[in-house]
Amino acid sequence: MQENFLCGTSEITGCRFSIYPMTDRFEDVILSALKEVDTSKVWMETDDVSTCVRGRSIHVFDVVKAIYLEAAKHGDHVVFNGTFSNGCPGDTAGDAYLAENEERANEKKAAEINQEAAAQFALYPMGIPTYMNVIMDQVIFAKDQGTFTKGVHYASRLDGNAHAVFKTLEDSFENCKKGGTTHIVMTVNMSANSPSKKEAE
């Protein structure tokens, strides 16, 4: 018997991501970042390939941003590759910390880290014929926030302070949720302290 999965049946936001510090100290950088971040308000699991964070959207973005900032703050070139999702029909709410309040556990500590970042992100509003309108609305939104740099093949580029970049990512994701999209996926590639950017300048 085939199960009938319907988008939008889950309130859970999740992110599966990997961080790649370009240094021979990569293990210490990753483990230290995971240790420094308060993950008490999310479900989190790390294996040999990636880390998965699940829960309320506000806390998923809080934790992911804090982990990336902790990894990048030492000046090493650090790359983040992640997929955010909300409304996945295969998710289950029992272990996802949806009852947590809206106070971000890492906001104060993360605010002390000043870090520039560049990101390429793509939005995938599932199951609606007007998906391109939804995507273009968020491109305009990113321009209004001052982080949008340009469109690239299969993505939009953001540049600026990492806090501003993450705010655009989170706000765009939330705007899609509030706009009637029952299942939204967002892919993000982010780079900090890249030596190639310095050479280009």
Side-chain angles (χ1 to χ4, degrees), residues 12-37 39 42-55 57-88 90-91 106 110 113 115-126 135 138-139 142 147-174 176 183-198 200:
I12 298 169
T13 290
C15 179
R16 181 167 292 282
F17 67 94
S18 297
I19 290 179
Y20 306 97
M22 307 302 177
T23 170
D24 56 6
R25 300 180 295 101
F26 66 91
E27 184 176 8
D28 291 338
V29 172
I30 295 171
L31 293 178
S32 175
L34 292 172
K35 182 179 179 182
E36 289 296 321
V37 173
T39 61
V42 297
W43 180 97
M44 189 171 85
E45 183 178 80
T46 299
D47 58 28
D48 59 337
V49 177
S50 63
T51 294
C52 183
V53 179
R54 299 166 62 249
S57 188
I58 188 172
H59 299 309
V60 170
F61 277 94
D62 174 66
V63 166
V64 171
K65 181 179 80 168
I67 291 173
Y68 187 67
L69 288 173
E70 287 289 343
K73 71 178 183 181
H74 304 291
D76 299 306
H77 181 199
V78 179
V79 173
F80 166 95
N81 180 274
T83 300
F84 292 84
S85 177
N86 177 270
C88 178
D91 225 330
N106 298 283
I113 303 175
Q115 177 66 57
E116 293 293 304
Q120 294 172 347
F121 81 109
L123 290 164
Y124 300 94
M126 302 292 193
I135 293 170
Q138 299 318 307
V139 170
T147 53
F148 178 87
T149 305
K150 61 181 179 179
V152 296
H153 289 299
Y154 319 119
S156 296
R157 176 165 176 142
L158 307 175
D159 286 273
N161 185 279
H163 295 281
V165 171
F166 267 103
K167 181 172 177 16
T168 297
L169 294 172
E170 181 176 357
D171 288 351
S172 296
F173 189 81
E174 290 300 308
C176 288
H183 186 186
I184 176 71
V185 173
M186 179 174 73
T187 60
V188 179
N189 289 298
M190 187 177 295
S191 175
N193 307 316
S194 171
S196 60
K197 185 174 182 180
K198 294 179 182 177

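- Here Ser85 pairs with Cys88, His183, Val185 under the side-chain contact (heavy atoms from CB on, under 4.5 Å) rule; sequence neighbours left out.
- For the atom pair Tyr124 OH and Ile135 CD1, the distance stands at 8.0 Å (nearest 0.5 Å).
- How far CZ of Phe148 is from CZ of Phe121: 8.0 Å, rounded to the nearest 0.5 Å.
- At a threshold of 4.5 Å between non-hydrogen side-chain atoms, the residues Phe61 and Cys15 do not count as touching.
- Using modelled atom types, no side-chain atom of His163 and backbone atom of Lys65 make a donor-acceptor pair closer than 3.5 Å.
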Exercise. Would you please test Glu170 and Phe84 for side-chain contact (heavy atoms from CB on, under 4.5 Å) and show each step?
Key: CA-CA 10 Å; Glu170 181 176 357; Phe84 292 84; over 6 Å; no
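- Contact detail for Glu116 and Ala192: the closest heavy-atom pair is O-CB, 3.7 Å.
- In this structure, the side-chain contact (heavy atoms from CB on, under 4.5 Å) partners of Thr39, at least two apart in sequence or on a different chain, are Val37, Val42, Met44, Val63.
- To the nearest 0.5 Å, atom CG of residue Asp62 and atom CZ of residue Phe166 are 10.5 Å apart.
- Residues forming a salt bridge (charged side-chain N to carboxylate O under 4.0 Å, His left out) with Arg25 (at least two apart in sequence, or on another chain): Asp76.
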Practice problem: Before giving the answer on side-chain contact (heavy atoms from CB on, under 4.5 Å), spell out for Met190 and Leu158 the whole-Å C-alpha distance, their side-chain angles and the decisive distance to 0.1 Å. | Solution: CA-CA 9 Å; Met190 187 177 295; Leu158 307 175; over 6 Å; no
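- Contact check for Glu36 versus Asn106: no side-chain heavy atoms found under the 4.5 Å cut-off.
- Residues passing the salt bridge (charged side-chain N to carboxylate O under 4.0 Å, His left out) test with Asp171, sequence neighbours excluded: Lys167.
- Counting only distance, with no hydrogens or angles, the side chain of Asn86 and the backbone of Ile12 share a donor-acceptor pair below 3.5 Å.
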Self-check item: side-chain contact (heavy atoms from CB on, under 4.5 Å) evaluation trace for Glu27 with Leu31
Solution: CA-CA 6 Å; Glu27 184 176 8; Leu31 293 178; 3.7 Å; yes
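- Expressed to the nearest 0.5 Å, how far CE of Met186 lies from OG of Ser172 amounts to 7.5 Å.
- To the nearest 0.5 angstrom, Thr187 atom OG1 is 8.0 Å from Leu123 atom CG.
- The minimum heavy-atom distance between Ser156 and Val139, with the atom names listed, is OG-CG2, 3.7 Å.
- Partners of Thr149 under the side chain to side chain donor-acceptor pair (under 3.5 Å) rule, at least two apart in sequence or in another chain, are Asp159.
- Among residues two or more places apart in sequence or in another chain, the side-chain contact (heavy atoms from CB on, under 4.5 Å) test is passed with Asp24 by none.
- With sequence neighbours excluded, the residues that form a side chain to side chain donor-acceptor pair (under 3.5 Å) with Thr51 are Thr46.
- Minimum heavy-atom separation, Val49 to Ser18: O-OG, 2.8 Å.
- Among residues two or more places apart in sequence or in another chain, the side chain to side chain donor-acceptor pair (under 3.5 Å) test is passed with His74 by none.
- Applying the ring-ring contact (aromatic ring centres under 6.0 Å, His included) rule to Phe80 yields the partners Phe17, Tyr68; only residues at least two apart in sequence or on another chain are considered.
- Not counting sequence neighbours, the partners of Ala33 by the side-chain contact (heavy atoms from CB on, under 4.5 Å) test are Ile67, Glu70, Ala71.
- A search for side chain to side chain donor-acceptor pair (under 3.5 Å) contacts involving Gln120 returns nothing, not counting sequence neighbours.
- Nearest heavy atom pair, residue Val78 against residue Ala72, reads CG2-CA, 3.9 Å.
- Contact record, Gln115 with Leu69: CB-CD2, 3.8 Å, taken as the closest heavy-atom pair.
- In this structure, Thr147 and Thr168 approach most closely via the heavy-atom pair OG1-OG1, 2.8 Å.
- Of the inter-residue distances, the one linking Arg16 atom CZ with Glu45 atom CD reads 7.0 Å to the nearest 0.5 angstrom.
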